[in-house]
Chemist: 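Before I ask anything, here is the structure I am working with.
Here is the naming used below: chain letters follow the sequence lines, and residue numbers restart at 1 for every chain.
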Number of protein chains: 2
Amino acid sequence: MTANPLLAACPVPTAETEQVLLGHGSGGQLSAELLRDVILPGFGRAASAGPLEDAAVLALPKPEAVMSTDSFVVDPLFFAGGDIGSLAVHGTVNDLAMMGAMPTALAVAFIVEEGFALEQLARISRSLGAAAEAAGVPVATGDTKVVGRGAADGLFITTTGLGVRLPAARPSASRIRPGDVLLLSGPIGLHGTTILSTRAGLGFETEIGSDSRPLHRVVAAAVAAGADGVHALRDPTRGGVASALNELAAASGVGVVVDETALPVPGPVAAACDLLGLDVLHVANEGCLLAFVAPDRADAVLAALRSRPESAGAVRIGQAVAEHPRRVVVRTGIGAVRVLDMLVGEQLPRIC
Amino acid sequence: MTANPLLAACPVPTAETEQVLLGHGSGGQLSAELLRDVILPGFGRAASAGPLEDAAVLALPKPEAVMSTDSFVVDPLFFAGGDIGSLAVHGTVNDLAMMGAMPTALAVAFIVEEGFALEQLARISRSLGAAAEAAGVPVATGDTKVVGRGAADGLFITTTGLGVRLPAARPSASRIRPGDVLLLSGPIGLHGTTILSTRAGLGFETEIGSDSRPLHRVVAAAVAAGADGVHALRDPTRGGVASALNELAAASGVGVVVDETALPVPGPVAAACDLLGLDVLHVANEGCLLAFVAPDRADAVLAALRSRPESAGAVRIGQAVAEHPRRVVVRTGIGAVRVLDMLVGEQLPRIC
């Protein structure tokens, strides 16, 4: 049988290995060992206590669930402020949070390239588990596939989150009204410039790090203060603040005015953007959110944001207007106005 | 800016394209166009009618959900009897079904290699949508990431399913008792031999095709007939019947005896396995299930299985025993007994 050329590519290891083998994706004994010895110990207390079946049964507080999925293909896998494991938790927790939902469970699917170091897989599993535990959400179920060398670039992770909406929360891209105040929970540009600087060896990542963090508690604070006056929430990830605001403006049919002087841009981010010719408004973030809030609730929501460490630097950066529906404009320091478009193509591939 | 080497790899297309571009993963206008023009039209009526937000809100009939996730990396993407799109629906629907759950919603995440043909992406999206519609489950939310040439092999799909258990259903790997009857819903070996034959150009795939199909209605019929006497269900995918039975035996602490003469093995599958030196019990399936059923319910469940077209060929193939706990043995036609192990490594990489 070993002479069979179709099977020859799938060696059965006879000794300890430090790399992921194709056989780790077999669904057989090696798969079970990879899960038992590398992945689940990494997940730690975040791993579901339930049996390892093909699916998890979840009790929910009410018969409604919010579901979100995201694949993470970030390059490099490790960066200042996080790695693909923590990012995969934060990104999905935050997508749920933007719907006003608190996370109930995560499903995690790994696609691993043959030859990937087991030590790195363990490290990433630990990071993912720690991030899930810090966010208070269990990893309820998962899957691991292994593909041959060259068929994937190291590791991709797809996380799917299940959450339940806060009773008072009904944020939606379509609920923004002219007059709504636009709040931003913290500094922008950190994630994208960190990744790009790391990839290119520019050195900015020694001064800054990704803002990757879970935002559901920030959302809970905002909703506690603003209730149903929190009209829309969005985390400006791929495509940055510019894409997020354009999508929201289009979905609600409002115009948006951003006050450029109010934008919190850390010095090293500004320097990196200058060097790279990037507009910071197009750079990805993984730990801040945009909120459109009814005017009478805006001060209370801003105060609530500032009360939490993740959003202590929250500021008011603009508002929704009836003029120029579906367009986003930036008012600069010298009083000029420019239109802020979405990028047509890709500025920063594999940023998340 | 175009002289920036970091950005030079991300051309903004100025004309129509027939391939996936890195920019299609930007989260910007091109991403929106890919979704609007290629993926969502493919999904058709299976696409969620809701707004395109980062997550979907789902009404459930009760405050309990079953969740399962799987990445699909099958090679080739198209094969007799299906493609990666239909397989990604069936595989996840079936993982839910094995917990006694009917599918409520799917989340679909694409990782696409730059340069992948848009026509193929559209075709796979159509197939995925048609499979979801046929299974009666909407695609509620999704994500698309694009990675550079060589960083993935064409297309990977991760589907996550949310389901709700049938009231009477409590199947679990741990509930098998000695005396339980082992049923198999239909022929084995079709998926794995089809994939392998297609990959190697052996020609068997002109006679056979993958058994990829949704099994939740089969499970509903079995549970209607056997209720809580349906102790455990498992679809023998990666690792085949051998892995599935070994896992179940280990989880329940029982022994399992399989009657080899009762196994339904189509002629071309047997021929392909002979040629390739494969044991059909290790070959992956995507459209049949194993059921351990309390003895007093076994006839009723078998009749219920046979009443459905997907499982018309259901047969009794063995039983759980108190002897040799956690071991699976096969009784051959001449009365000999051999131990059936899980494979240690990988026999058929990228089979699903």
Chemist: Between B/D153 and A/V147, is the side chain to side chain contact (heavy atoms under 4.5 Å, CB included) condition met? List the steps.
Modeler: CA-CA 9 Å; B/D153 186 13; A/V147 297; over 6 Å; no
Chemist: Who wins among B/A242, B/A152, B/G154, B/A251 for the most heavy-atom pairs under 4.5 Å with chain A?
Modeler: B/A152
Chemist: Give, as side chain, backbone, both or neither, the part of A/T160 having an atom under 4.5 angstrom from any heavy atom of chain B.
Modeler: both
Chemist: For B/R165, check side chain to side chain donor-acceptor pair (under 3.5 Å) against everything at least two apart and list the hits.
Modeler: B/E64
Chemist: Please classify the contact between A/K145 and chain B as side chain, backbone, both or neither, with a heavy-atom cut-off of under 4.5 Å.
Modeler: both
Chemist: Below 4.5 Å, heavy-atom pairs only: which of B/M67, B/K62, B/M342 has the largest tally toward chain A?
Modeler: B/M67
Chemist: With a 4.5 Å cut-off on heavy-atom pairs, point out which of B/V108, B/T141, B/T104, B/T237 contacts chain A the most.
Modeler: B/T141
Chemist: Does B/L162 reach the side chain of A/L162, with side-chain heavy atoms less than 4.5 Å apart?
Modeler: yes
Chemist: For B/D235, is it the side chain, the backbone, both or neither that has a heavy atom under 4.5 Å from a heavy atom of chain A?
Modeler: side chain
Chemist: Closest heavy-atom contact between B/A55 and A/S68?
Modeler: CB-CB, 3.5 Å
Chemist: When only pairs under 4.5 Å are counted, which of A/L96, A/V66, A/T69 shares the most heavy-atom pairs with chain B?
Modeler: A/T69
Chemist: What option among B/N94, B/D75, B/V57 has the most heavy-atom pairs under 4.5 Å with chain A?
Modeler: B/V57
Chemist: For the pair A/R350 and B/L22, evaluate side chain to side chain contact (heavy atoms under 4.5 Å, CB included) and give the outcome as yes or no after the intermediate values.
Modeler: CA-CA 9 Å; A/R350 299 183 61 187; B/L22 269 180; 5.7 Å; no
Chemist: Ignoring hydrogens, what is the shortest heavy-atom contact between B/A109 and A/T158? Give both atom names and the distance.
Modeler: CB-CG2, 3.7 Å
Chemist: So which part of B/M98 gets closer than 4.5 Å to some heavy atom of chain A, the side chain, the backbone, both or neither?
Modeler: neither
Chemist: I'd like to verify something: which residue of B/G142, B/G239, B/G148 has the highest number of heavy-atom pairs under 4.5 Å with chain A?
Modeler: B/G142
Chemist: At what distance, to the nearest 0.5 angstrom, does CG of A/N246 lie from CD of B/Q29?
Modeler: 8.0 Å
Chemist: Heavy-atom cut-off 4.5 Å, strictly under: side chain, backbone, both or neither for A/T144 against chain B?
Modeler: backbone
Chemist: Check whether B/V164 gets within reach of chain A through its side chain, its backbone, both or neither, counting any heavy atom under 4.5 Å.
Modeler: neither
Chemist: Does any heavy atom of chain B fall under 4.5 Å from the side chain of A/E247, the backbone, both, or neither of them?
Modeler: side chain
Chemist: Which heavy atom of B/F156 sits nearest to which heavy atom of A/A151, and what is that distance?
Modeler: CZ-O, 3.1 Å
Chemist: Pick whichever of A/A107, A/A56, A/S243 has the most heavy-atom pairs under 4.5 Å with chain B.
Modeler: A/A56
Chemist: My understanding is that only residues two or more places apart in sequence, or in another chain, count here; which of them pass side chain to side chain donor-acceptor pair (under 3.5 Å) with B/T92?
Modeler: B/T159
